[in-house]
There are 2 protein chains.
Amino acid sequence: MTHPALGQVELPDLLHALSDPVRLNIVRCLARDGECACGSFSVSVSKSTLSHHLKVLRQAGLTQTRPDGTLRLISLRRVELDERFPELLESVLSCR
Amino acid sequence: MTHPALGQVELPDLLHALSDPVRLNIVRCLARDGECACGSFSVSVSKSTLSHHLKVLRQAGLTQTRPDGTLRLISLRRVELDERFPELLESVLSCR
DNA sequence: TATATTCTTCGACAGAGGTCGAACGAGGTG
DNA sequence: CACCTCGTTCGACCTCTGTCGAAGAATATA
């Protein structure tokens with residue numbers, strides 16, 4: 001559960017992470033609701049698949065994870081992302 | 001060689017098309033140089049692979065192709081893209 | 001300690017996708 | 001017509017990736 005420095009995340013990595021409908025949905029939830037526990041996402045995949053998607057998002061620098069008891073709380077790295085990829089996340093999120 | 005209406009292009013499709021380094025490089029060339037012939041891209045893949053990537057870009061609504069003699073001239077669908085996905089292409093292109 | 005909850009990891013599988021060379025097709029030129 | 005150029009399509013290959021269930025790790029609770 002390690003987080004990459006955004007300086008070493010390349011644009012294709014980020015776009016790939018966002019190009020899956022399940023992951024995009026997760027990112028939208030995080031943008032709307034803020035910090036969320038893994039189990040709080042209403043996705044149509046199994047627990048292990050969800051964990052896989054969250055790992056992809058984390059490794060692409062999109063999210064950060066912190067443990068809280070047995071939960072893992074996920075949130076977007078909005079400030080860092082906007083510094084590394086200005087306006088990108090905002091424009092993605094504003095698309096219907 | 002048909003072009004989709006941008007209304008039926010979904011955001012994940014667009015992001016997936018942009019998430020490959022070769023394709024992203026092609027898009028940057030088109031943004032910088034305007035209309036280009038297929039053969040004018042300096043990419044590190046074979047002719048057939050290049051053709052494949054151009055097809056992905058076209059089907060994602062990113063580019064349009066028009067024949068001119070034996071050439072195919074490719075260009076970005078900037079206006080339509082900015083209407084369907086406002087500011088997205090611009091923010092992608094401005095990332096280093 | 002035993003049990004429950006939450007999430008990750010592992011192993012396996014199927015499908016998608018990037019790659020190439022060879023063959024093909026469309027359009028110009030001799 | 002023959003030939004050349006540009007690009008597409010086809011078939012094959014291999015890697016990547018999304019998916020699942022089962023097992024495991026970490027933490028809380030009885």
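Proteins get letters first, then strands, A, B, ... in listed order; numbering begins at 1 in each.
Listed by chain and residue number, nothing satisfies the salt bridge (Lys or Arg N to Asp or Glu O under 4.0 Å) test with A/Arg84 (two or more places apart in sequence, or in another chain). The side chain to side chain donor-acceptor pair (under 3.5 Å) search around B/Glu10 returns none, not counting sequence neighbours. In terms of the salt bridge (Lys or Arg N to Asp or Glu O under 4.0 Å) criterion, A/Glu87 has no residue partners (sequence neighbours excluded). The salt bridge (Lys or Arg N to Asp or Glu O under 4.0 Å) check on A/Arg78 picks up nothing, with sequence neighbours excluded. Under the side chain to side chain donor-acceptor pair (under 3.5 Å) criterion, A/Ser75 pairs with A/Gln64, sequence neighbours left out. The side chain to side chain donor-acceptor pair (under 3.5 Å) test applied to A/Arg72 returns no partner, not counting sequence neighbours. In this structure, the salt bridge (Lys or Arg N to Asp or Glu O under 4.0 Å) partners of A/Glu35, at least two apart in sequence or on a different chain, are A/Arg66.
Shown for residues 12-28 of chain B: no residue has heavy atoms falling under 4.0 angstrom of DNA chain D. Listed by residue number, the members of residues 42-59 of chain A with any heavy atom below 4.0 angstrom from DNA chain D are A/Val45, A/Ser46, A/Ser48, A/Thr49, A/His52, A/His53. At a non-hydrogen distance threshold of 4.0 Å, A/Gly69, A/Thr70 from residues 64-74 of chain A come into contact with DNA chain D.
Along DNA chain C, read 5' to 3', the first and last nucleotides having any atom under 4.0 Å from a heavy atom of chain A are C/dT5 to C/dT9.
Here the straight-line distance linking atom CG of A/Leu24 with atom CG of A/Leu93 works out to 8.0 Å at 0.5 Å rounding. Note that CD1 of A/Ile74 is 9.0 Å distant from CD1 of A/Ile26, once rounded to the nearest 0.5 Å.
There is a side-chain donor-acceptor pair under 3.5 Å between A/Ser91 and B/Ser91.
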Self-check item: Candidate pair A/Leu89 and A/Asp82, rule side-chain contact (heavy atoms from CB on, under 4.5 Å), full reasoning
Solution: CA-CA 7 Å; A/Leu89 184 59; A/Asp82 199 57; over 6 Å; no
Show me the donor-acceptor pairs, under 3.5 Å and distance only, between side chains in residues 47-59 of chain A and residues at least two apart or in other chains.
| from | atom 1 | to | atom 2 | distance (Å) |
| --- | --- | --- | --- | --- |
| A/Ser48 | OG | A/Ser46 | OG | 3.2 |
| A/Thr49 | OG1 | A/Ser46 | OG | 3.1 |
| A/His53 | ND1 | A/Arg23 | NH1 | 3.1 |

